[in-house]
Structures are given as structure tokens and as C-alpha cells.
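Quick note on labels: first sequence line is chain A, next is B, and so on, each numbered from 1. Every value quoted in this text rests on a predicted model; they were computed, and no experiment measured them.
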2 protein chains.
Amino acid sequence: MTTQTATEEQYTIGDFAKKVGLTAPTLRYYETEGLIEPHRLANGRRYYEEADINWVKFLLHLKGTGMSITELKQYVLWRAAGDDTIPERLDLLKKVKSDFLVQFNEVQHHLQILNDKINWYEEKEAGVTRDPESFRAYLDRFGHHE
Amino acid sequence: MTTQTATEEQYTIGDFAKKVGLTAPTLRYYETEGLIEPHRLANGRRYYEEADINWVKFLLHLKGTGMSITELKQYVLWRAAGDDTIPERLDLLKKVKSDFLVQFNEVQHHLQILNDKINWYEEKEAGVTRDPESFRAYLDRFGHHE
DNA sequence: ATATTACTTAAAGTACACTTTGAGTCAACA
DNA sequence: TGTTGACTCAAAGTGTACTTTAAGTAATAT
């Protein structure tokens, strides 16, 4: 008795690329890096299944939190090695999260400065070239030196 | 009558680099890109002043919101051209902010997935190797397909 | 006085993550 | 049946943002 879902659809690399928002070359590149392992047709061509979509999307989420290709590769290797490596994987993800949160805070500060500057320009624009302030004077006023 | 603040300190490129958290080569690189313009001593060596610290830090804030060196260069060029270019600068900063906010939302979603995964591993670890789930089965359960 | 360290330049090298090229094979349609 | 488009591979190329090297000059410390 074989368990099989109704949608056992197969995608060519081109169709799959569109599905996950990557290009075919990028998928091949990820494959050489060991992140994906598509199936092959008798003629040697790759095909991808529904489950591969979730896997790639998950990879892209991890990538989006700042994991490098190298880290993703390590993660995949650990996963392939079985449940014994769960602590390692967990440590890696926690480290990624920790680094992410640091970055996240920094980036929020950067946004605040950007917003300040936008507001400053808007105020200045409203003031229509009255009181043309020198850059040095601006710096003195602006001076949020951390 | 010359206006002068008490702290008209001068920094060598090395000291200045430490002050702003960059390396001397990076400062020279930024200079070739037109982002900074230090003063020179009689012997040809660069020196930087207090105000340059604020300027570089501001640049780094903008950079931290996603602005490329090229965009920063454009910004600097517009600034040098005077108040007539304020609208252009404002547009650029608003575009940077808009792009930033899109990225910010995406990245928050990535974090959520990362958190889910960490929780999943922690639960699994608590369950001590009981019910060793296959990867496919995991994917089926995990399947937060956007 | 000499050794170390910091500076100067231009140019080449590096890391990351792809992207493009080239040469060839395979599949689908008029 | 031809020709268009998608696929195969390996290898070279690209863009961004630095980083390193090399060859030389200058300042500081012992």
C-alpha cells in the first residue's frame, strides 16, 4: 500500500523557478551548494515536486534572516545526518536569531535617523529657502552623536 | 573675527577610523567615492575634524537603511549643489525609506518563520527522540505556504 | 641612530551570491 | 521536418563593497 497525495505534480526547473521566485540558474547553483536535490527524469532532466516548494521557501526564509549559503549548507548537512544533530541545528538557528535581533535593533535606529532627516528636509522645504543654513550649522544642530 | 569652537581637534586617518568604527583603507575608499573629503596637512597627510565624525556617522546610518555607495554619492553630489536639490534629496530619502519598509516587513516575516522553527525544534527536543518524524511528514505539518 | 609604526599612492585581490556564456541535447509545435 | 524554446554541463564573468599588496615616505620611541 503506497501513500500518495492527489497532487503529485512535477515541475520542470523553469516552472519551478517561477513558483518559488528564483531563476533556473539560481536553482542549479543552490543544487551545487547542496541545498536542493531535485529528482531526475529518465532523460536526465530535473523535476521538482510540491514538497520542494515548501523546502525552498523555508530556505529563503532562513536566508532572509541573514543565514549565508554556507550556513544553510551546514544546516542541510545536519538535517541529512538525522535527529542526533538537532541540538546543532537548534544552536545554529538560535545564533542566527540572536544576530538577527542585533541587526534588527540597529536597523531601526538607522530608520529613525532617516526619518529625522526626511522631516528636517520637509520642514526646510516648508520654510521656502528662508534662512539658508550652512552645512556646518546644520551639523551642529543635527548632532545626534549616538 | 573668526568663530571657533574650543574643540578644533585633528585626527589622523587611523585615529579617525577608530572613532567611526571603520578602517583607514575604507575611509580612503569612501573618499575616492566622493563621500568624504578630509583636510590635508602640509606634508600631504589627511586629517579629520570633529564635524567629520558626525558626517560619517550620518552616512553610515543612511547606508544602514539600505542606501548603496552609489546612492550616497548621488546624495553628496546633490548636497554640494546647494539648496536647489533639496527636492531630489528628499525624493531619494523617501524612496530609500519606502524600500526599507518593504524589506522590514519581509524580514519580520522571515523572523517569524525562524521563531516557529526554533520552537518546533525545542518541542521536539523536549519530546526526547519519541516519534521520529520523517522530513516529508514534517513538511506536511509545517506547511505554512505563505 | 635606528627600529617600529603610520602614513602615502595605485592597482590588484577577495568574498559573496549569483549570472552569463558556450556548446550541445532534447521536446513541442506548424 | 524544421525551428523555436527549454533543457544539460562546466567554466568564466559580474556587481558590490571593500581589503590587501607593494613600494615608498614620514613620524615616533628607545
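Nearest nucleotide to the I13(B) side chain, out of dA17(D), dC7(C), dT19(D): dC7(C).
With respect to the salt-bridge test (charged N to carboxylate O, under 4.0 angstrom), the residues E122(B) and K94(A) qualify.
The environment of Q108(B) atom CD is dense: over 12 non-hydrogen atoms of other residues, nucleotides or ligands sit within 6.0 angstrom. Annotation: E106(A), atom CD; neighbour count of heavy atoms from other residues, nucleotides and ligands within 6.0 Å is above 12.
Taking atom OH of Y48(B) as the reference point, atom C1' of dT8(C) lies 12 Å away to the nearest angstrom. dT8(C) atom P lies 8 Å from atom CD of E31(B), rounded to whole Å. Rounded to a whole Å, the CG atom of L41(B) is 15 Å from the C1' atom of dT28(D). If you measure from atom OH of Y29(A) to atom C1' of dA15(C), you get 11 Å, rounded to the nearest angstrom. Atom CG in D15(B) sits roughly 11 Å away from atom P in dT28(D) (whole-Å rounding). In this structure, the CZ atom of R28(B) is 16 Å from the P atom of dA22(D), given to the nearest Å. At whole-Å resolution of the value, CD1 in I69(B) and C1' in dC18(D) are 9 Å apart. Atom CE in M67(A) sits about 11 Å away from atom P in dA17(C), given to the nearest Å.
Ring geometry, F100(B) versus F104(B): the interplanar angle falls under 30°, so the pair is classed parallel (tilted spans 30 to 60°). Relative ring orientation between Y75(A) and Y121(B) is described as perpendicular, the plane-to-plane angle rising above 60° on a 0-90° scale split at 30° and 60°.
Between R40(A) and dC9(D) there is a side-chain N or O to OP1 or OP2 distance below 4.0 Å. In terms of phosphate contacts, Y30(A) brings no side-chain nitrogen or oxygen within less than 4.0 Å of OP1 or OP2 of dA17(C). The phosphate of dT19(C) has OP1 or OP2 within less than 4.0 Å of a side-chain N or O from T26(A). Dashed line: the shortest gap from a side-chain N or O of K63(A) to OP1 or OP2 of dC18(C) is under 4.0 Å. The shortest distance between the side-chain N/O atoms of T23(B) and the OP1/OP2 oxygens of dT19(D) is below 4.0 Å. Dashed line: the shortest gap from a side-chain N or O of R46(A) to OP1 or OP2 of dC7(D) is not under 4.0 Å. Here S68(A) does not reach the OP1 or OP2 of dC16(C): none of its side-chain N or O atoms lies under 4.0 Å away.
Residue Y47(A) is out of contact with every strand shown, counting any heavy-atom pair closer than 4.0 Å.
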N/O to N/O distances under 3.5 Å, protein versus nucleotides 25-27 of chain C:
from: dC26(C); atom 1: O4'; to: R45(A); atom 2: NH2; distance (Å): 3.4
from: dA27(C); atom 1: OP1; to: N43(A); atom 2: ND2; distance (Å): 2.3

Passes side-chain contact (heavy atoms from CB on, under 4.5 Å), H39(A) versus D52(A)? Steps please. CA-CA 10 Å; H39(A) 317 272; D52(A) 298 318; 4.0 Å; yes
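Checked against F16(B) for a ring-ring contact (aromatic ring centres under 6.0 Å, His included), the options Y47(B), W55(B), Y48(B), Y30(B) give a single hit: Y48(B).
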